[in-house]
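First the proteins, then the strands, lettered A, B, ... as listed; each starts at 1.
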Protein chains: 2
Amino acid sequence: MAGEGGRTEALGIGEVAARTGLSVHALRFYEREGLLVGPVGRTAGGRRRYTTLDVEWLHVCIRLRESGMPLADLRRFAELVRQGPGNEAERLSLLNAHQQRVDEQIRALEECRSVIAWKVGVYAEHLARGEATGLWDPTARTRPPRA
Amino acid sequence: MAGEGGRTEALGIGEVAARTGLSVHALRFYEREGLLVGPVGRTAGGRRRYTTLDVEWLHVCIRLRESGMPLADLRRFAELVRQGPGNEAERLSLLNAHQQRVDEQIRALEECRSVIAWKVGVYAEHLARGEATGLWDPTARTRPPRA
DNA sequence: GTAGGAGCTGGAGCGCGGTCTAGATCAAGT
DNA sequence: ACTTGATCTAGACCGCGCTCCAGCTCCTAC
């Protein structure tokens, strides 16, 4: 009776793997590492039964991991959520700190991108006007004295 | 006589480390791995003497690595450059492929960032209006039947 | 000539984030 | 009842990109 409407499906690990893109190995690993927000249910026979809430949480985890959050931080965040209300300030600061790191990453990547784009441009132009000029010739390296 | 003007300083490994931010270990490692565009010079006593060209190349390497190019690809690129003119098309395609991966990374990171920003917003608002409502309560987990 | 620091080589070790294996159990179809 | 396939646990293993160590040599300064 308590909100069965699509919200509380019980999912096997394989199904969850399919829905999240994580391997079943990774799912078990995440659980062992304490990255989940609550104990995963089990059937009588001992198989894991995930809920759609677990899956939602996993999707959050995936984003955080994708953006480079280390497992340790993710574990800490999960702990906070598990502990329930009262520690929202810490959760916020954790996320804020991570967001800043992500911003920095993006900035760095964009800088790299522009360097690469420039080099791509150089080669493209070089090829366009037909092999003519040498770009960089490590062959003609000017070595320091001592012939 | 041949272009000594600041261009062809001979630098010790420590100096290069300082200029690039790579450790001396990493520099020796890169050399062993064939990531450099030419053999590094040596003094009579066997010490490495880098040129400013080496340093420039290292700066390129750093950007490529920072943006996630695997050592294997970087090695291939270095090989191509080492081989001299004639393979610009391959160099270009290598860089192009990498640029695309970088673009994709940036896109993914921005997506993560927006998810994180949203969560940050939720927590911030929650805290702002004082602890009132529960956000997510894993305590009140609706477990699948059997209880 | 001698002390101290930078550099050399070869190879072992490490941190991270999973991945994989073995061997057993559970569950569904026929 | 039997087969087939998904899942279980514990623990070993892996790839990447360095990092670090031992033991030695080379320089520079005093």
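What separates CZ of R42(B) from P of dC8(C) is a distance of 6 Å, to the nearest Å. Atom CG in L74(A) sits about 10 Å away from atom P in dG18(C), given to the nearest Å. Between L64(A) atom CG and dG17(C) atom P there is a gap of 13 Å when expressed in whole angstrom units. If you take CZ of F29(B) and C1' of dG13(C), they are 14 Å apart, rounded to a whole angstrom. Rounded to whole Å, the distance from CG on L11(B) to C1' on dA6(C) is 15 Å. When the P atom of dC26(C) is taken as reference, atom CZ of R49(A) falls 14 Å away, rounded to whole Å. As a whole-Å value, the separation of E15(B) CD from dG7(C) C1' is 14 Å.
For the OP1/OP2 pair of dT21(C) and a distance below 4.0 Å, the side-chain nitrogens and oxygens of R28(A) include no atom meeting the criterion. OP1 or OP2 of dG18(C) sits under 4.0 Å from a side-chain N or O of Y30(A). Applying the 4.0 Å criterion to OP1 and OP2 of dA6(C), one finds that R47(B) has every side-chain N and O outside that range. Between R48(A) and dC26(C), a side-chain N or O to OP1/OP2 separation shorter than 4.0 Å is absent.
Side-chain atoms of R91(A) never come within 3.5 Å of backbone atoms of F77(A) as a donor-acceptor pair (strictly under, hydrogens ignored).
Applying the salt bridge (charged side-chain N to carboxylate O under 4.0 Å, His left out) rule to R32(B) yields no partners; only residues at least two apart in sequence or on another chain are considered.
In this structure, of dA27(C), dG7(C), dT9(C), it is dA27(C) that holds the atom nearest to the side chain of T43(A).
The pair E15(B)-R19(B) meets the salt-bridge criterion, with a side-chain N (NZ, NE, NH1 or NH2) lying under 4.0 Å from an Asp/Glu carboxylate O. At a threshold of 4.0 Å, the pair R101(A)-D73(A) counts as salt-bridged, since one of the basic side-chain nitrogens sits closer than that to a carboxylate oxygen. The existence of a salt bridge linking E31(A) and R42(A) is confirmed by a sub-4.0 Å separation between a basic side-chain nitrogen and an acidic carboxylate oxygen. A salt bridge links R76(A) with E79(A): the distance from a Lys NZ or Arg NE/NH1/NH2 to an Asp or Glu carboxylate oxygen falls below 4.0 Å.
Here chain B contacts DNA chain D (any atom closer than 4.0 Å to a heavy atom, that is under 4.0 Å), and the contacts span dG17(D) to dC27(D) from 5' to 3'.
Between L71(B) and G46(B), it is L71(B) whose nearest contact on DNA chain D lies nearer the 5' terminus. Between R32(B) and G45(A), the residue anchored closer to the 5' end of DNA chain C is R32(B), taking for each the nucleotide with the nearest heavy atom.
At a cut-off of 3.5 Å, with distance as the only test, no side-chain donor of S93(A) or N96(A) sits close to an acceptor on the other residue.
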